[in-house]
Every structure is written in C-alpha cells, then in structure tokens.
Amino acid sequence: MGGSTLLYPLNIDLTGRRIVVVGGGMVAERKVHGILAADATADILVIAPEATAGLHALAEAGRITWRRECYAYGMLRGAFLVYAATDAREVNAVAAAEAEGIGALVNVIDDAARSDFQVPASMRRGDLLLTVSTGGDSPALARAIRMELEQFYPPSFEMWLDYVAVLRAEMREALPTSRERTAFWRSAVRDDILSMVRDGELEKAEAELRHAALNIRAQS
C-alpha cells in the first residue's frame, strides 16, 4: 500500500506571483522550466552560487532573476511558492522552515513529508493540461503514463482547441437551448471526431461538427 495522505489536485494561476527556487542544479532547472511552461509571466528568483547552463541562459535572457549567492535565512521574503532544490538536506530544511514561517507553500525535493505540494508529471497541449500523480510512490510510472498521453493526444489537439473556441461562440447563437448545446458537445467528443483530430484532419472534424449542429437544429 502507498502512503495514506491523499493529495488534492489544484491548478494555480501564477501570474505576477514570486516563485523562489533555492538551488541551481538540474532539478532546479526542471522546476523553472515547468513554471515557465505554465506561466511565462511568473516572477522567478533562483538563489544559488552556481547554476546550470540552462538557468544561466534564462537569466541572461531576462526570463528569471538569478541571485548568485548561497541561500541564507531571510531571502524568501515575498515568495508565494518555494522550491528547496539544493543537494544539501540541511539547506533545504532551513528554506522549508522559512517558507513555513512566511506562509509560502514549499516543495522540498528530498523530503516529501515536509512539502506542502508536489508537482505531478504533466502534458500540455495549449490550454489542454493533463497531469499524472502517484503520490510520490512511483515517479517513473507517472512519467510512463505521461508519455502514453503525449502519444494519444498529439500537438494537433492544441490547434483543435482554437477551433472549438470559435465553435463554442457560434453555437451559443445557433443552438439556443441547453438541450441542443448538450447534444452538440456530445457529438464533439465522438470517437470518430477525436480520431480525425488525432490524425490532424482538423478541417474535416470541424465540418463534421457543423453538420451535426445542423442536424440537431433540424430535429428541434
């Protein structure tokens, strides 16, 4: 049996929030890239005397702020999220204690029990975000499932969401009743429609949906 703590899934808007990453190694870099993928406007501060080439490049490009010194208590002021991602457990513990003291949420890479949150394996296709978590019991399994999802939902689904946004606006006018709109959206997730999207046949899928809308309207 896995751990008894059940995690509550929650998507957080990081716009304008300060995220502090303590550490400059590959783990820290992965955390930073994950944050930037979710919200490129997040205010990211990396605290580390040395950093990977990837973090150095992000700092040079102005996408993150790099404070080139060892972390010391008091450096987390104003943080919303904190990642304690050094290879020194004692440093991570001090960072976690400070985060707790200022009311920031903290993720400690070497101490799940001390962490307020975990970052699940994720797959993003534009606004489509799918996440997988095993509660820390098997990160490898979470990654394997994420890779399967990447194959099942290729990049064409990102473009399809743009089509769907246009159709949604149009169907509010074309299908005035909730019953009609419910029938339409059931059509939108038919296996044949999703197969067309998966194969990149977006215009064909759109035509099929518009035809379905006409049939729904005619039957009302």
Side-chain angles (χ1 to χ4, degrees), residues 1-124 129-143 146:
M1 297 292 289
S4 60
T5 300
L6 295 179
L7 300 178
Y8 181 73
L10 180 69
N11 294 334
I12 300 178
D13 182 3
L14 298 178
T15 303
R17 302 283 196 175
R18 163 147 287 206
I19 297 97
V20 180
V21 179
V22 180
M26 289 306 301
V27 173
E29 182 179 337
R30 286 198 299 272
K31 302 298 185 185
V32 168
H33 279 298
I35 297 164
L36 290 173
D39 190 339
T41 68
D43 176 15
I44 304 174
L45 170 64
V46 172
I47 302 173
E50 302 291 338
T52 64
L55 289 173
H56 192 282
L58 289 172
E60 288 290 322
R63 301 191 67 191
I64 66 173
T65 300
W66 176 18
R67 187 168 176 174
R68 304 185 187 195
E69 55 187 300
C70 293
Y71 162 77
Y73 196 93
M75 290 183 176
L76 304 183
R77 186 177 296 108
F80 175 68
L81 293 182
V82 174
Y83 289 89
T86 77
D87 56 4
R89 289 183 65 91
E90 61 276 12
V91 174
N92 291 341
V94 173
E98 181 180 355
E100 181 179 347
I102 65 174
L105 299 175
V106 63
N107 174 268
V108 186
I109 63 166
D110 58 1
D111 191 349
R114 191 70 183 269
S115 299
D116 295 314
F117 68 95
Q118 296 178 11
V119 180
S122 64
M123 184 223 74
R124 185 179 295 274
L129 174 64
L130 303 177
T131 63
V132 182
S133 174
T134 60
D137 290 338
S138 179
L141 176 59
R143 287 194 296 270
R146 184 206 67 204

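Quick caveat: nothing in here was measured; it's all calculated off a predicted structure. Note: hydrogens, waters and symmetry copies are ignored here, and every other heavy atom, side chains too, is used. Counting begins at 1 with the first residue of the sequence.
- Atom-to-atom distance recorded for Glu60:CD and Leu55:CG is 12.0 Å, nearest 0.5 angstrom.
- Listed by chain and number, the residues in a salt bridge (charged side-chain N to carboxylate O under 4.0 Å, His left out) with Arg63 amount to none (sequence neighbours excluded).
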Could you give me the CA-CA distance, side-chain angles and deciding distance for Leu45 and Val21, then say whether side chain to side chain contact (heavy atoms under 4.5 Å, CB included) is met? CA-CA 6 Å; Leu45 170 64; Val21 179; over 6 Å; no

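- Side-chain atoms of Trp66 never come within 3.5 Å of backbone atoms of His56 as a donor-acceptor pair (strictly under, hydrogens ignored).
- No side-chain heavy atom of Arg18 sits under 4.5 Å from any side-chain heavy atom of Arg77.
- Checking side-chain atoms of Glu69 against main-chain N and O of Pro49 turns up no donor-acceptor pair under 3.5 Å.
- Considering every non-hydrogen atom in both Gly24 and Ala48, the closest pair reads N-CB, 3.5 Å.
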Check the pair Thr65 / Val46 against side chain to side chain contact (heavy atoms under 4.5 Å, CB included), numbers first and verdict last. CA-CA 6 Å; Thr65 300; Val46 172; over 6 Å; no

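- When all heavy atoms of Pro120 and Val132 are compared, the closest pair comes out as CB-O, 3.3 Å.
- Judged by distance alone, with hydrogens and angles left aside, the side-chain atoms of Ser115 form a donor-acceptor pair with the main-chain N or O of Asp111 at under 3.5 Å.
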What do the steps show when you test Ile102 against Leu76 for side chain to side chain contact (heavy atoms under 4.5 Å, CB included), and what is the final call? CA-CA 8 Å; Ile102 65 174; Leu76 304 183; 3.9 Å; yes

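- Scanning both residues, Ile47 and Cys70, for their nearest heavy atoms gives CG2-C, 4.3 Å.
- Shortest non-hydrogen contact noted between Ala96 and Arg114 is CB-CG, 3.8 Å.
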The test is side chain to side chain contact (heavy atoms under 4.5 Å, CB included); show your working for Lys31 and Ile109 and say whether it passes. CA-CA 10 Å; Lys31 302 298 185 185; Ile109 63 166; 4.3 Å; yes

Side-chain donor-acceptor pairs of residues 81-88 under 3.5 Å, sequence neighbours excluded:
residue: Thr86; atom: OG1; partner: Ala88; partner atom: N; Å: 3.1
residue: Thr86; atom: OG1; partner: Ala88; partner atom: O; Å: 3.1
residue: Thr86; atom: OG1; partner: Asn92; partner atom: OD1; Å: 2.8

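- Exactly one of Asp39, Ile64, Leu58 qualifies for a side chain to side chain contact (heavy atoms under 4.5 Å, CB included) with Ile44. That residue is Ile64.
- With rounding to the nearest 0.5 Å, the separation of OG1 in Thr41 from CD1 in Ile35 is 12.0 Å.
- Rounded to the nearest 0.5 Å, atoms CG (Asn107) and CZ (Phe117) are 4.5 Å apart.
- Taking 4.5 Å as the limit, some side-chain heavy atom of Leu7 sits within range of a side-chain heavy atom of Gln118.
- Both the sub-6.0 Å distance and the 45° axial angle are satisfied by Arg17 relative to the ring of Phe80.
- Put simply, the side chain of Arg89 gets close to the backbone of Asp110: a donor and an acceptor are under 3.5 Å apart.
- Side-chain atoms of Ser122 and Leu130, non-hydrogen and from C-beta on, never get closer than 4.5 Å to each other.
- To the nearest 0.5 Å, atoms CG (Leu129) and CE (Met123) are separated by 7.5 Å.
- Within the 4.5 Å cutoff, no side-chain heavy atoms of Met75 are placed close to those of Val20.
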